[in-house]
Each structure stands twice: as structure tokens, then as C-alpha cells.
Amino acid sequence: MSIPSSADSIIVLDFETTGLSPQQGDRAIEIGAVKLHQGEVIDRFQSLMNPGFRVSGFIEGYTGITNNMLRSAPSCAEVMDQFADFIQGSNLLAHNASFDQRFLDAELALICRNYAGKFACTLLVSRRLHQETSSHKLGDLVKYHRIENDGVFHRALADAEMTARLWQVQLNALKDKYAISQPSFELMAKIAKTPKASVEQMLRKEALK
DNA sequence: TGCCAGGCCCTCTTTAGGGCCTT
């Protein structure tokens with residue numbers, strides 16, 4: 001299967017999990033995602049999932065997702081199988097994408113599913129495009145850029161929606177500052193991999209293409 | 001019961017250490 005081009009859809013996703021490391025036995029408890037096509041949200045995916053064990057009090061407090069809510073939720077395998085269908089044909093985007101990618105890879109490996117898209121990361125792009133900000137936490141960036149929100153944080157779909165809006169802010173910054181009229185997904189991924197000290201020069205060259 | 005990770009990035013760096021970010 002070929003990698004989707006920038007003209008195709010992008011899935012912005014966010015996991016809530018039992019902890020920080022699937023290698024240490026942590027599991028996903030919620031997935032939220034929006035599908036973007038040409039910058040517009042054209043579809044959404046959200047589901048709680050039962051990890052098969054009780055989550056800690058810290059996670060209940062941090063996410064607002066309680067053991068009682070998870071008791072009647074479908075299994076991780078059932079939800080992730082549906083999500084694998086949802087993301088086919090799309091590139092992927094998350095805030096601190098290495099975290100979400102680890103859980104996506106781990107959960108899909110358990111059900112022998114995979115995906116073809118590439119990941120981009122709004123955290124890495126933010127550290128390069130907005131070096132003036134002291135914090136690059138999603139919630140702080142939402143405040144800094146005055147991104148519309150409903151006050152819900154640390155729930156998967158709400159965080160995915162805000163990440164999608166942050167992505168649009170970053171695309172607009174490239175248009176305004178560097179006159180790059182239609183920044184591609186591939187360019188954003190390239191920005192994330194470019195050393196911070198070289199980004200300015202790289203984008204100036206990009207603007208001349 | 002208590003504990004756990006990993007990639008990025010900076011600097012008092014590279015034979016390392018520590019903060020940031022995600023739950």
C-alpha cells in the first residue's frame with residue numbers, strides 16, 4: 001500500500017491510558033480521533049475500552065475516567081480493531097506523537113493489525129516554530145494561541161480536537177511568516193526532524209520553491 | 001504495595017545528566 005499524500009486525510013488521535021509505558025503492561029483506556037480533509041473535520045472516533053484490570057486512583061483523577069465507567073466498556077481488542085479500520089489510508093498526527101505511537105503500535109500488535117500512515121507531532125513542531133513559549137504542553141499551547149476549547153482536558157476526543165486546531169495554527173504560522181501557501185504533511189514531518197537551530201534556514205529555502 | 005518509559009533537546013556535552021512532554 002502506498003503512503004497517503006498530503007492531499008488525503010489526516011487522523012489526529014489521542015490516547016488515555018493506564019500509565020506511561022505499554023512495555024510495562026500499561027494499556028489504552030480511551031481513544032479519541034478526528035479525521036481531517038483539507039483542514040476540515042469530516043469524521044470523529046471516540047470510545048472507552050476495558051483494559052482488563054482496575055486503573056489507579058491517579059488515572060481516575062487525571063482523566064475523569066473511572067473504573068465504573070470502564071466496567072461496561074468494550075474490550076481494547078474490539079475497539080482497536082474498529083480504530084484500525086478508521087485510520088487506514090491516512091497519515092497520523094498527535095501531540096507528543098511518540099507516546100501515542102507506542103500505544104497504537106502495542107495495541108494493534110496484540111490484535112495483529114497495522115497501519116500504513118506516517119506520524120507527525122505538534123509538540124516537536126511547536127518547539128521549532130514557537131521557540132518563544134516556555135511551555136509546550138497541549139493545554140498551555142491552547143491558552144497561548146487562544147485556541148477555542150470547551151474546557152475539557154485529558155479526555156481523548158477533546159484533546160484530539162484541540163491538537164487538530166493547534167495543527168491549523170501551525171499551518172497558518174508557516175503561511176504568515178514564511179509565505180508557504182500550502183504546507184504539506186511531509187513538510188511538517190520534516191520540520192519535526194530538523195534541528196531547531198536549522199529550522200529557520202530550512203523554511204526560508206522551502207519558501208523559495 | 002510500590003514502582004515503572006522513552007524520545008527529544010539543552011548544556012556547565014559528546015566517556016553525561018537532567019528537564020520537558022505524554023498517562
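Numbers restart at 1 for each chain; the letters A, B, ... are given by sequence-line order, proteins then strands. Note that the coordinates shown come from a computational prediction; the quantities given were computed from them, not determined experimentally.
Relative ring orientation between A/F58 and A/Y62 is described as parallel, the plane-to-plane angle staying below 30° on a 0-90° scale split at 30° and 60°.
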Show me the side-chain donor-acceptor pairs of residues 199-207 of chain A shorter than 3.5 Å, one per line, residues at least two apart or across chains.
{"unit_1": "A/E200", "atom_1": "OE1", "unit_2": "A/Y178", "atom_2": "OH", "d": "2.8"}
{"unit_1": "A/E200", "atom_1": "OE2", "unit_2": "A/R204", "atom_2": "NE", "d": "3.2"}
{"unit_1": "A/E200", "atom_1": "OE2", "unit_2": "A/R204", "atom_2": "NH2", "d": "2.7"}
{"unit_1": "A/E206", "atom_1": "OE2", "unit_2": "A/K190", "atom_2": "NZ", "d": "3.4"}
{"unit_1": "A/E206", "atom_1": "OE2", "unit_2": "A/K209", "atom_2": "NZ", "d": "3.1"}

Could you go through nucleotides 17-23 of chain B and list every protein N or O atom that sits under 3.5 Å from one of its N or O atoms, giving the distance for each pair?
{"unit_1": "B/dC20", "atom_1": "O2", "unit_2": "A/R127", "atom_2": "NH2", "d": "3.4"}
{"unit_1": "B/dC21", "atom_1": "OP1", "unit_2": "A/H136", "atom_2": "N", "d": "2.5"}
{"unit_1": "B/dC21", "atom_1": "O2", "unit_2": "A/N96", "atom_2": "ND2", "d": "3.0"}
{"unit_1": "B/dT22", "atom_1": "OP1", "unit_2": "A/L138", "atom_2": "N", "d": "2.8"}
{"unit_1": "B/dT22", "atom_1": "O4'", "unit_2": "A/N96", "atom_2": "ND2", "d": "2.8"}
{"unit_1": "B/dT23", "atom_1": "OP2", "unit_2": "A/Y62", "atom_2": "OH", "d": "3.1"}
{"unit_1": "B/dT23", "atom_1": "O3'", "unit_2": "A/E16", "atom_2": "OE1", "d": "2.6"}
{"unit_1": "B/dT23", "atom_1": "O3'", "unit_2": "A/T17", "atom_2": "N", "d": "3.0"}

Output a table of nitrogen or oxygen pairs between the protein and nucleotides 10-14 of chain B separated by less than 3.5 Å.
{"unit_1": "B/dC10", "atom_1": "OP1", "unit_2": "A/K196", "atom_2": "NZ", "d": "3.4"}

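The separation between A/F119 atom CZ and B/dG7 atom P is 14 Å, rounded to whole Å.
Nucleotides B/dT14 and B/dC10, compared at atom C1', are 13 Å apart to the nearest Å. The gap from the P atom of B/dG19 to that of B/dG2 amounts to 25 Å, rounded to the nearest Å. One C1' atom belongs to B/dC4, the other to B/dT22, and the distance between them is 15 Å to the nearest Å. The C1' atoms of B/dG6 and B/dT23 are separated by 13 Å, rounded to the nearest whole Å. B/dC21 and B/dT15 have their C1' atoms separated by 28 Å, with the value rounded to a whole Å. Spacing of C1' atoms, B/dT13 relative to B/dG18, comes out at 12 Å, to the nearest Å.
Between A/L104 and A/M80, some side-chain heavy-atom pair lies under the 4.5 Å cut-off. Within the 4.5 Å cutoff, the side chain of A/R113 has no heavy atoms near those of the A/F83 side chain. Residues A/R71 and A/N68 form a side-chain contact, since some pair of their non-hydrogen atoms from C-beta on lies under 4.5 Å apart.
Checking A/Q24 against A/K193, the closest nucleotide of DNA chain B that is more toward the 5' end is the one next to A/Q24.
Between A/D14 and A/R155 no salt bridge is recorded (no basic side-chain N to carboxylate O distance below 4.0 Å).
A/H95 and A/T163 share no side-chain donor-acceptor pair at under 3.5 Å.
Taking the ring axis of A/F185 as reference, the NZ or CZ atom of A/K118 does not stay both within 45° of it and closer than 6.0 Å to the ring centre.
Under a cut-off of 6.0 angstrom, the local environment of NZ in A/K175 is crowded, with over 12 non-hydrogen atoms contributed by other residues, nucleotides or ligands.
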